[in-house]
Amino acid sequence: MVKAERIKVALAQVLPGVDIEALFAQAAAESADVIVFPEMFSNGYRRYDTTPSGRAAWIDAAESIDGAFVERFRQAAQRYRIAAVVTLLERGEEKPFNTALLIDRQGQTVLQQRKRHICFFDNPEDACAAGERSDVAELVTAHGSMTVGLMICMDREFPDVATDLMRAGAEIILVPNSCALVDDPEIGDVRLAGIRATAYQTVTCMAVANYPETKDDGHSVAVDELGKVVGMGTPEAGLVFAEFDLAKVRETQKQEWFRRKR
């Protein structure tokens, strides 16, 4: 399979309840290769009611990766010939997982990632189990293939996840997210700075899909392999588009090989 020279990403800065078909149709009309949804989209990263029954009900609402929730996205991906990163509270044997699935344009899952650095100190992720490893996959688009990794929200803030994906050969990392990226009342835009630094340090593109206001602060963002912002949303809901030159990414990875030697 020939390697793709470009990828166009649609970041779905939207809330649950949005018209999924319309989003896929808009992304396809803009020639996007993949659409990325925010973190735990199956329940909107909703906190549980802090009663024993409330916590249990939240866990009981977890979805199967083969269930009806994911199937809607599989069918849309196949119908519109566009890949998708779908996120959900995944049912587990003991505890649920905060999970992202990379579904290709034929509706097949090519990568499953469970969030490794969960917010174990706070509601709702204190009810979740953490993932243990990170992998990459070859995603085939209309333009060819590319090596894709996934990380979920706070995974951005720990070097082990990015390092594992870099060592596995990631060219682009797609990141479902749920937190303030630019307008955090305590830390401002430090998370955006961290995204840019991670991309630069690993010579890897990153595209982050966040919830809009009033859930989070929007500002879904795409940065290139040198940490330059190549696309960013406003706080409002909508699709945010960004395009990456993958041929340039591969050339830069060769030139900046020493950053990836660890």
Side-chain angles (χ1 to χ4, degrees), residues 3 7 9 11 34-42 45 62-63 65 70 73 83-104 108-120 125 128-140 145-179 181 191 194-210 220-225 227 244 246 249-250 253 256-257 259-262:
K3 295 291 280 186
I7 181 174
V9 179
L11 302 172
V34 61
I35 181 170
V36 185
F37 287 84
E39 180 179 13
M40 208 185 289
F41 196 68
S42 62
Y45 199 82
E63 304 279 353
I65 60 173
V70 175
F73 294 87
V85 176
V86 183
T87 63
L88 65 151
L89 180 66
E90 178 199 353
R91 188 175 301 133
E93 289 187 8
E94 297 183 3
K95 289 183 174 182
F97 296 94
N98 184 341
T99 296
L101 303 175
L102 177 59
I103 296 172
D104 69 13
Q108 301 299 310
T109 298
V110 296
L111 185 61
Q112 177 181 357
Q113 182 63 57
R114 291 168 171 171
K115 186 177 180 180
R116 290 167 58 178
H117 293 284
I118 61 172
C119 299
F120 61 87
E125 285 187 88
C128 292
E132 297 180 350
R133 57 177 294 172
S134 297
D135 297 305
V136 298
E138 284 297 303
L139 178 65
V140 177
S145 70
M146 65 207 68
T147 309
V148 179
L150 301 174
M151 59 172 69
I152 302 172
C153 200
M154 203 166 72
D155 285 339
R156 298 176 285 94
E157 300 176 15
F158 294 84
D160 55 333
V161 180
T163 298
D164 287 349
L165 294 175
M166 177 198 70
R167 286 174 173 166
E171 296 166 339
I172 183 169
I173 301 172
L174 305 176
V175 189
N177 197 80
S178 179
C179 65
L181 291 176
R191 294 188 179 100
I195 293 164
R196 297 184 64 187
T198 297
Y200 176 72
Q201 291 164 358
T202 59
V203 198
T204 307
C205 300
M206 296 181 69
V208 183
N210 200 30
S220 296
V221 64
V223 299
D224 71 9
E225 73 281 4
F244 296 99
L246 294 176
V249 171
R250 296 182 189 109
Q253 288 182 345
E256 303 283 316
W257 61 268
R259 298 192 191 283
R260 295 166 64 84
K261 194 76 172 176
R262 60 178 97 159

Legend entry - Main-chain N/O of Gly227 paired with Arg196 side-chain donor or acceptor, under 3.5 Å: yes
Legend entry - Minimum heavy-atom distance Pro176-Leu174, with the two atoms named: CD-O, 3.7 Å
Inset, instruction - Ignoring hydrogens and angles, state whether a donor on the side chain of Glu138 or Thr147 is under 3.5 Å from an acceptor on the partner side chain. - result: yes
Inset, instruction - May I ask you to test the Asp224-Val249 pair for a side-chain heavy-atom distance under 4.5 Å? - result: no
Legend entry - Side-chain (Asn210) to main-chain (Cys179) donor-acceptor, under 3.5 angstrom: yes
Legend entry - Heavy-atom side-chain contact between Val208 and Leu11 under 4.5 Å: no
Legend entry - Backbone of Pro38 reached by a side-chain donor or acceptor of Thr87 within 3.5 Å: yes
Inset, instruction - Find the distance between CG (Leu165) and CD (Glu171) and round it off to the nearest 0.5 Å. - result: 12.5 Å
Legend entry - Rounded distance [0.5 Å steps], OG1 in Thr204 versus CD in Gln253: 5.5 Å
Legend entry - Nearest-0.5 Å distance, OG of residue Ser145 to CD1 of residue Ile7: 11.0 Å
Inset, instruction - Check whether any side-chain heavy atom of Asn98 sits under 4.5 Å from a side-chain heavy atom of Tyr45, and report yes or no. - result: yes
Inset, instruction - Kindly give the heavy-atom pair with the smallest separation between Ala207 and Val9, and that separation in Å. - result: CB-CG1, 4.1 Å
Inset, instruction - For Thr198 and Arg156, test the side chains for any donor-to-acceptor distance below 3.5 angstrom and give the result as yes or no. - result: no
Legend entry - Closest approach of Phe244 to Ala222 (non-hydrogen atoms, all atoms of both residues): CZ-CB, 3.6 Å
Legend entry - Residue pair Ala170 / Gly149: nearest heavy atoms and the distance that separates them: CB-N, 4.4 Å
Legend entry - Over all atoms of both residues, closest heavy-atom pair of Arg191 and Glu157: NE-OE2, 3.5 Å
Legend entry - Non-hydrogen side-chain atoms of Val70 and Ile103 separated by less than 4.5 Å: yes
Legend entry - salt bridge (Lys or Arg N to Asp or Glu O under 4.0 Å): pairs with one or both residues in residues 83-102, sequence neighbours excluded: Glu90-Arg114
Legend entry - Side-chain heavy-atom pair Met40, Ser178 within 4.5 angstrom cut-off: no
Legend entry - Straight-line distance of Glu39 CD to Glu125 CD, nearest 0.5 Å: 5.5 Å
Inset, instruction - Would you indicate whether the side-chain heavy atoms of Ser134 and Met151 approach each other to under 4.5 Å? - result: no
Inset, instruction - Taking ring pair (Phe, Tyr, Trp, His ring centres under 6.0 Å) as the test, write out the residues that go with Phe120, two or more places apart. - result: none
Inset, instruction - Identify the two heavy atoms, one from Lys3 and one from Met146, that lie closest to each other, and give their separation to 0.1 Å. - result: NZ-CA, 3.8 Å
Legend entry - Asp155 side chain to Arg116 backbone, donor-acceptor under 3.5 Å: yes
Inset, instruction - Evaluate the side-chain proximity of Asp104 to Leu139: yes if any heavy-atom separation is below 4.5 Å, no if none is. - result: yes
Inset, instruction - May I ask you to test the Ile65-Thr109 pair for a side-chain heavy-atom distance under 4.5 Å? - result: no
Inset, instruction - To the nearest 0.5 angstrom, please state how far the CG atom of Leu89 sits from the CD atom of Glu63. - result: 8.0 Å
Inset, instruction - Just say parallel, tilted or perpendicular for the rings of Phe158 and His117, cut-offs at 30° and 60°. - result: parallel
Inset, instruction - To the nearest 0.5 Å, tell me how far Asn177 CG sits from Cys153 SG. - result: 4.0 Å
